[in-house]
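Step one of this worksheet: look at the structure below.
All ligand and atom numbering here is 1-based and tracks the order in the structure. Just so it is clear, the values below take in all heavy atoms, side chains as well, and ignore hydrogens, waters and symmetry mates. In this chain, residues are counted from 1 in sequence order.
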Amino acid sequence: MNASAQNSLADPSVCIPVALQLIDGKWRESADGRTIPVECPANRRTILQIPRGSDADADSAVRAALTAFERWRRVAPLDRGRLLQRIADALESRAEELARIVAHETGNAIRTQSRPEALMAAATFRYFGGLASELKGSTLPLGDAVLSYTRREPLGVVAAIVPWNAPISIAAMKIAPALCAGNTVVLKAAEDAPFGVLLIAQVCSEFLPPGVLNVITGIGEECGAALVSHPLVNKISFTGSTSVGKGVLAATADRVLPVSLELGGKSPAIVFKDADEDWAVEGVAGSMRFTRQSQSCTAGSRLFVHESIYDSFLEKLAVRAQQYVIGDPLSEATDTGTLISGKQFEQVRSYIEEGLAERDVKLILGGLPPTEGPLSQGYFAQPTIFASTSNAWRLAREEIFGPVLVAIPWRDEQDVIRMANQSHYGLAGYVFSKDVSRAIRVAHEIDSGWIQVNQGKGQAFGQPYGGFKQSGLGKECSIESLLEDFSRLKSVTVSLHL
Ligand code: NAD
């Protein structure tokens, strides 16, 4: 079957080039013909149907990847890198199309989120393509009669599973290093945001041999679980919630598979009293990712502000957070789009209801999502800030994955470090102070994989990105990902006596 472009039913101005699975270089329906609808979160209409992949689809994709692996692993790394660079060029030339599709399916605003994400996805292929020459080994000096060296080898078939919140950049972050290292890939797209990932697959398929990259679609518990438990898969790279990630880890224990997990977070942002200024407010607002409706694993959603500036800082933050223009994700005027789905919307709403009902908690900004006017037609939520003295209640402990910030006052540095570390998560953290020595000292004390001082920005290539504690295992976005997550090191020792 050929993939043919269709207009979205939810907004005919958005053209979807492909809504089928890519298996062995061919575009396919699901083996049993079943489909699921994908909804547009800005207007709750169905965009299109996608295949509801099953065990049979996961199996065909893994077998295709295994067959392709035998040849792909023998392509010289520099040639693989060159192909990735050509994919990067092709993705860049289709970045605007990609950005519109992702804005439409995720509800992420095109100017602030989807366009930068599309460009980042292309740049990810360029970055990892350029690292191909780093797949090198070393020699061990055992004397003139022995040659002892190491070599980097691919792992085999990589199963990659991605969420919906930044679907194409996370997909690129798995596909590009996995292919560069000589693996082949079966990627399971998120059910709520498959179309951008399928466009990336379409572009890749113009350059790669059949079976090197396969993409399946459908429900996590069905084709996702089938992929995770498939006996011919050699590595799993999963990004998603901590609860599903734990299940993935458990399902692979029997086969002792290498697993990388990028999981949830509830990251602390600590503001010292010398930071009661606009630059820190901007950094905190950035760290909270309000422009992605805070559907970000690194959102600084536990804000600790020194008690002496607590009221004035929250006042400034509320003014700043109110300035974000919420609206149509496809409009250039919009800063902040919609939550992804009805399920996510209900979850965020129930957290806000709980916050509103809590005694001793004060609502500083926002509240329940709008129920009237144009924003009530989609899953729009508003930046919401609760002032609380407790770090222990549910809203301060659990990942809400929506624009709900809990602000807690503190007095003593050791106390705030202790509170910041009182979490089973350890993904990110933020410190704001003009005293950089103090800020660095605190950064070193926070039990998280990535701390930013005096800023709240996104990831940069080269920075090993990944969580501590129940936020994950492994590092992405960096040479460490290419070498440690997607290749294995073999030692070879040769006697030269003969
Ligand atoms: P999720 O765990 O529900 O789903 C993630 C992916 O796993 C989806 O493709 C889903 O279909 C699949 N899946 C679900 N059940 C499965 C199963 N039993 N077996 C195999 N696959 C299964 O997460 P989500 O709601 O899509 O995404 C939000 C979560 O992702 C948040 O917790 C967020 O923090 C996390 N996240 C983490 C990072 C990071 O880099 N650490 C980045 C983005 C998102």
Exercise. Short question: side chain of R302, backbone of A420 - any donor-acceptor pair under 3.5 Å?
Worked result: yes
Exercise. Please state which protein non-hydrogen atom is closest to atom 15 (N) of ligand 1 and give its distance, to 0.1 Å?
Worked result: V244 CG1, 3.5 Å
Exercise. If you count the atoms of ligand 1 from 1 in the order shown, which ones are under 4.0 Å from a heavy atom of I170?
Worked result: 42 (C), 43 (C)
For this session: Considering only non-hydrogen protein atoms, determine which one is nearest to atom 35 (C) of ligand 1 and report residue, atom name and distance to 0.1 Å.
Result: G240 O, 3.1 Å
Exercise. Parallel, tilted or perpendicular: which fits the ring planes of Y127 and F461, with parallel below 30° and perpendicular above 60°?
Worked result: parallel
Exercise. What are the atoms of ligand 1, with element, lying closer than 4.0 Å to any heavy atom of E191?
Worked result: 8 (C), 9 (O), 10 (C), 11 (O)
For this session: From atom 17 (C) of ligand 1, work out which of A160, G220, A190, S296 has a heavy atom at the shortest distance.
Result: G220
For this session: Evaluate the criterion side chain to side chain donor-acceptor pair (under 3.5 Å) for residue pair K266 and S423; output intermediate values, then yes/no.
Result: CA-CA 8 Å; K266 185 76 181 178; S423 172; over 6 Å; no
Exercise. Does NZ or CZ of R44 come closer than 6.0 Å to the centre of the six-membered ring of F345, within 45° of the ring's axis?
Worked result: yes
For this session: Using the side-chain hydrogen bond (donor to acceptor under 3.5 Å, both in side chains) rule, pick out the option among R349, E346, Q293, E39 that qualifies with Y379.
Result: E39
Problem set entry | Heavy-atom side-chain contact between Y430 and I270 under 4.5 Å | no
For this session: Please confirm whether I219 comes within less than 3.5 Å of ligand 1 when only nitrogen or oxygen atoms on both sides are compared.
Result: no
Exercise. Are T291 and T336 side-chain neighbours, meaning at least one heavy-atom pair lies under 4.5 Å?
Worked result: yes
Exercise. So, for L395 and G355, which heavy atoms are closest and what is the spacing to 0.1 Å?
Worked result: CD2-CA, 3.9 Å
Problem set entry | ligand 1 N/O within reach of K188 N/O, cut-off under 3.5 Å | yes
For this session: Please indicate whether any nitrogen or oxygen in E399 is less than 3.5 Å from any nitrogen or oxygen in ligand 1.
Result: yes
Problem set entry | Per atom 29 (C) of ligand 1, closest listed option by heavy atom (G449, S241, P167) | S241
Exercise. Can you tell me which residue and heavy atom of the protein come closest to atom 42 (C) of ligand 1, and the distance to 0.1 Å?
Worked result: C297 SG, 3.0 Å
For this session: Just jot down the ligand 1 atoms closer than 4.0 angstrom to any heavy atom of Y465, in number order.
Result: 39 (C), 40 (O), 41 (N)
Problem set entry | Protein residue, atom and distance nearest to atom 27 (O) of ligand 1, heavy-atom basis | P163 CB, 3.3 Å
Exercise. Could any protein non-hydrogen atom be found less than 4.0 Å from atom 25 (O) of ligand 1?
Worked result: yes
Exercise. Would you say the side chains of W450 and T298 form a donor-acceptor pair under 3.5 Å?
Worked result: no
Exercise. With atoms numbered from 1 as shown, which atoms in ligand 1 lie under 4.0 angstrom from a non-hydrogen atom of G264?
Worked result: 32 (O), 34 (O)
Problem set entry | Top protein contact for atom 28 (C) of ligand 1, by heavy-atom distance | F401 CE2, 3.6 Å
Seminar exercise, completed: Quick note on ligand 1: atoms under 4.0 Å from a heavy atom of G224 include exactly 19 (N), 20 (C), 21 (N)
For this session: Name the option, out of L187, I161, N165, that contains the heavy atom nearest to atom 43 (C) of ligand 1.
Result: N165
Problem set entry | Any donor-acceptor pair under 3.5 Å from D57 side chain to A31 backbone | yes
Exercise. Does the N or O separation between V228 and ligand 1 drop below 3.5 Å for any pair?
Worked result: no
Exercise. Distance-only, no hydrogens or angles: does the N183 side chain make a donor-acceptor pair with backbone N or O of L155 under 3.5 Å?
Worked result: yes
For this session: Taking the side chain as every heavy atom from C-beta outward, state whether V38 and P194 have any atom pair closer than 4.5 Å.
Result: yes
For this session: Taking only heavy atoms of V162 into account, list the atoms of ligand 1 that are under 4.0 Å away from them.
Result: 6 (C), 8 (C), 9 (O)
Exercise. How close does the nearest protein non-hydrogen atom get to atom 41 (N) of ligand 1, and which residue and atom is it?
Worked result: L263 O, 2.7 Å
